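To start, the structure itself, in structure tokens.
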Amino acid sequence: MTIGPDAPTFTARIQGIGADGDGLSRMADGRSLFLPFTLPGESVEARPVMRRGQGVAGIAETILEPSPERAEPPCPHFGTCGGCTLQHWQDAGIAHWKTGALVQALKHAGYDDTVIAPIRTTGPGNRRRVDLAIRKQAGIAIIGFHQVRADAIVAIETCLVADPAIVAILPALRRLVPRLQAIHRDASCAINALDSGLDLLFRVDADLTAGDRRLLAAFAAEHDIPRIAWALKDGTVEIAAQLSPVRIMLSGAPVPVAPGGFLQATPDGEAAIIAAVLAGLPEKLKPRDRIIELHAGCGTLTFALARHARVIAYEGDGYAVTALQKGSSEVGLHGPITAHKRDLMRQPLLPNEFKDAAVVVLDPPFGGALPQIEAIAASTVTRVIYVSCNPQALARDAAVLRAAGFALISAAPIDQFLWSSRLESVTVFTRAAPPRARARPPR
Ligand SMILES: C[S@@+](CC[C@H](N)C(=O)[O-])C[C@H]1O[C@@H](n2cnc3c(N)ncnc32)[C@H](O)[C@@H]1O
């Protein structure tokens with residue numbers, strides 16, 4: 001079959017939605033056809049444009065029979081900006097599909113008949129972290145998000161998912177960037193909306209000049225931005241301007257999060273994740289018990305967990321570990337929380353390091369935590385709370401837990417990535433203590 005921008009169109013029926021949020025149909029030769037901005041049940045006039053993996057990516061030129069779940073996309077940038085891919089779908093349809101994605105992932109791991117909690121969805125204007133792409137072209141700054149699978153940047157005037165304080169700084173950034181000499185062509189600006197105000201991290205392609213530093217200090221003062229940092233491609237981060245301390249409150253602890261440091265995408269999502277994690281703790285947990293927390297970041301879950309038992313936290317990013325330690329000493333929790341820097345992919349905790357852990361909480365990055373899960377499976381751990389941002393990785397890791405005798409006792413889908421195909425979830429697994437770990441019966 002001809003594929004390309006001039007390929008003939010044909011009528012295609014959308015059978016489902018793929019992991020990236022594209023509608024799924026079939027070519028006449030049986031290959032998968034991915035059609036963005038279409039919905040299940042729709043009939044469309046499709047043009048197959050290019051190969052994608054084993055399948056073909058296409059364009060729906062005309063929606064011949066629209067789905068009753070179709071919605072009018074509220075954002076003027078929808079369709080070009082790669083940030084949101086599902087604004088053409090009513091909320092209920094997205095919620096149903098995302099819940100189904102979690103059910104499927106768990107089924108794939110061998111867990112059938114899972115009872116799934118109702119999905120918690122974050123509303124617009126809540127995203128407190130964005131990573132803006134920047135391109136300087138003919139003295140003008142293009143600032144926005146990349147198109148899906150493309151190098152082009154869509155200049156954004158507004159963003160309906162981002163915190164309004166982030167949207168409000170965009171015009172000033174567009175005026176600032178052309179004047180920064182350290183930006184030759186491509187750069188980025190990660191913005192975290194913290195409790196102390198916006199926190200900016202520029203990734204630039206050259207060293208800042210003295211003039212750049214003055215500009216950034218003046219920009220920070222004019223817009224009441226406590227800190228602006230910059231980083232070169234090697235990842236070294238330096239502070240360009242700091243007017244006042246930065247902090248985010250995590251379960252009552254003021255944490256001086258590092259520039260560009262990881263935070264859950266939205267405060268509502270963070271609250272829902274914490275609630276689901278705490279609900280999964282063992283009923284008889286005592287303050288002297290040990291919780292082992294893996295991929296702790298700067299302490300989003302740690303401070304909440306430390307109200308219930310001692311927490312031994314591990315995290316690979318040294319800046320995050322330092323922030324967590326500073327936050328715990330601020331609230332006098334230095335005793336109950338111990339934080340260690342450790343690369344858990346290369347050096348996962350060994351089975352015997354989980355000895356006496358009442359529960360393991362893990363919140364790995366997108367790729368999941370296979371080596372670490374295998375060590376947990378081989379340990380005496382009886383309860384695992386798994387926070388995941390990728391159902392596929394969860395499916396793979398949960399299969400290892402199932403093979404090691406863990407039952408799944410709860411699963412909570414959390415949609416903090418409004419109008420995107422991404423999904424967060426919290427799942428709780430338990431198993432009986434293996435014979436050698438069981439208490440000896442009295443004689
Ligand atoms: C999804 S974030 C969760 C962070 C934290 N639990 C939170 O809720 O804010 C994943 C964390 O895993 C950390 N991480 C990524 N790769 C790692 C590795 N190989 N070893 C240890 N930590 C890693 C990241 O730095 C990040 O803090």
Side-chain angles (χ1 to χ4, degrees), residues 120 122 127-129 131 190 192-195 199 201 231 235 237 247-251 253-278 280-281 291-306 311-328 337-350 353 359-376 384-394 397 412 414-417 420 422-427:
R120 296 281 306 270
T122 294
R127 191 82 61 87
R128 63 176 167 202
R129 268 172 83 64
D131 203 349
N192 275 345
L194 304 179
D195 292 313
D199 193 36
L201 171 65
V237 175
R247 65 165 200 297
I248 183 133
M249 297 303 291
L250 296 176
S251 299
V255 177
V257 60
F262 181 89
L263 299 171
Q264 292 298 340
T266 68
D268 289 357
E270 175 189 302
I273 292 169
I274 290 175
V277 168
L278 295 183
L281 290 176
I291 299 172
I292 294 192
E293 187 197 355
L294 307 171
H295 317 95
C298 65
T300 305
L301 307 175
T302 322
F303 294 103
L305 291 168
V311 184
I312 298 98
Y314 293 87
E315 160 61 41
D317 175 6
Y319 291 112
V321 173
T322 305
L324 200 169
Q325 286 167 334
K326 284 187 180 157
S328 56
I337 295 176
T338 337
H340 306 277
K341 177 177 178 328
R342 183 149 161 181
D343 183 331
L344 299 168
M345 274 312 255
R346 293 167 61 182
Q347 203 195 348
L349 261 71
L350 300 172
E353 292 181 87
V359 52
V360 174
V361 177
L362 75 160
D363 183 5
F366 193 77
L370 188 57
Q372 188 56 87
I373 280 287
E374 285 170 342
I376 292 170
V384 174
I385 304 177
Y386 192 135
V387 183
S388 161
C389 59
N390 176 0
Q392 278 82 34
L394 173 67
D397 293 354
I414 295 161
D415 184 9
Q416 60 170 344
F417 299 104
S420 90
R422 295 184 60 188
L423 177 66
E424 199 82 28
S425 65
V426 178
T427 40

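Small disclaimer: the values here were computed from a predicted structure and weren't measured. In what follows, residues are counted from 1 in the order of the sequence shown. All ligand and atom numbering here is 1-based and tracks the order in the structure.
When hydrogens are left out, the protein atom nearest atom 19 (N) of ligand 1 is D343 OD1, 2.9 Å; that is the closest non-hydrogen contact. The protein atom (non-hydrogen) at minimum distance from atom 25 (O) of ligand 1 is E315 OE2, 2.6 Å. Summary of contacts: the protein heavy atom closest to atom 20 (N) of ligand 1 is L344 N, 2.8 Å. Closest to atom 8 (O) of ligand 1 among all protein heavy atoms lies Q264 NE2, 2.7 Å. Annotation: atom 12 (O) of ligand 1 to nearest protein heavy atom, H295 CB, 3.4 Å. Counting protein heavy atoms only, atom 22 (N) of ligand 1 is closest to G316 N, 3.0 Å. From the protein, the heavy atom lying nearest to atom 3 (C) of ligand 1 is D363 OD2, 3.1 Å.
By the 4.5 Å heavy-atom criterion applied to side chains, D268 and Q416 are not counted as neighbours. I376 is listed as a side-chain neighbour of L294, based on a closest heavy-atom distance under 4.5 Å. Contact annotation: the side chain of I414 never approaches that of V387 to less than 4.5 Å [non-hydrogen atoms, C-beta and beyond].
Put simply, the residue from I337, I291, V359, I274 that forms a side chain to side chain contact (heavy atoms under 4.5 Å, CB included) with L305 is I291.
Below 4.0 Å from some heavy atom of T300 lie the following atoms of ligand 1, by number and element: 7 (C), 8 (O), 9 (O). Within ligand 1, the atoms closer than 4.0 Å to a non-hydrogen atom of M345 are 19 (N), numbered from 1 in the order shown. Atoms of ligand 1 found under 4.0 Å from any heavy atom of R342 (numbered from 1 in listed order, with element): 20 (N), 21 (C). Those atoms of ligand 1 that come under 4.0 Å of a heavy atom in A296, given as number and element, are 5 (C), 6 (N).
Remark: side-chain polar atoms of D397 are paired, donor with acceptor, to backbone N or O of A369 under 3.5 angstrom. Side-chain atoms of D317 come within 3.5 Å of backbone N or O of Y319 as a donor-acceptor pair. Side-chain atoms of N192 come within 3.5 Å of backbone N or O of G261 as a donor-acceptor pair. Side chain of R128 to main chain of L194: no donor-acceptor pair is present (N/O by atom type, distance under 3.5 Å, no hydrogens or angles).
By the criterion of a heavy-atom distance under 4.0 Å, neither the backbone nor the side chain of A320 is placed next to ligand 1.
In terms of polar-atom proximity, defined here as any N/O pair under 3.5 Å, P365 makes no such contact with ligand 1. At under 3.5 Å, not a single nitrogen or oxygen of L263, backbone or side chain, sits near a nitrogen or oxygen of ligand 1.
Residues E270 and T300 bring no donor and acceptor atom of their side chains to less than 3.5 Å of each other.
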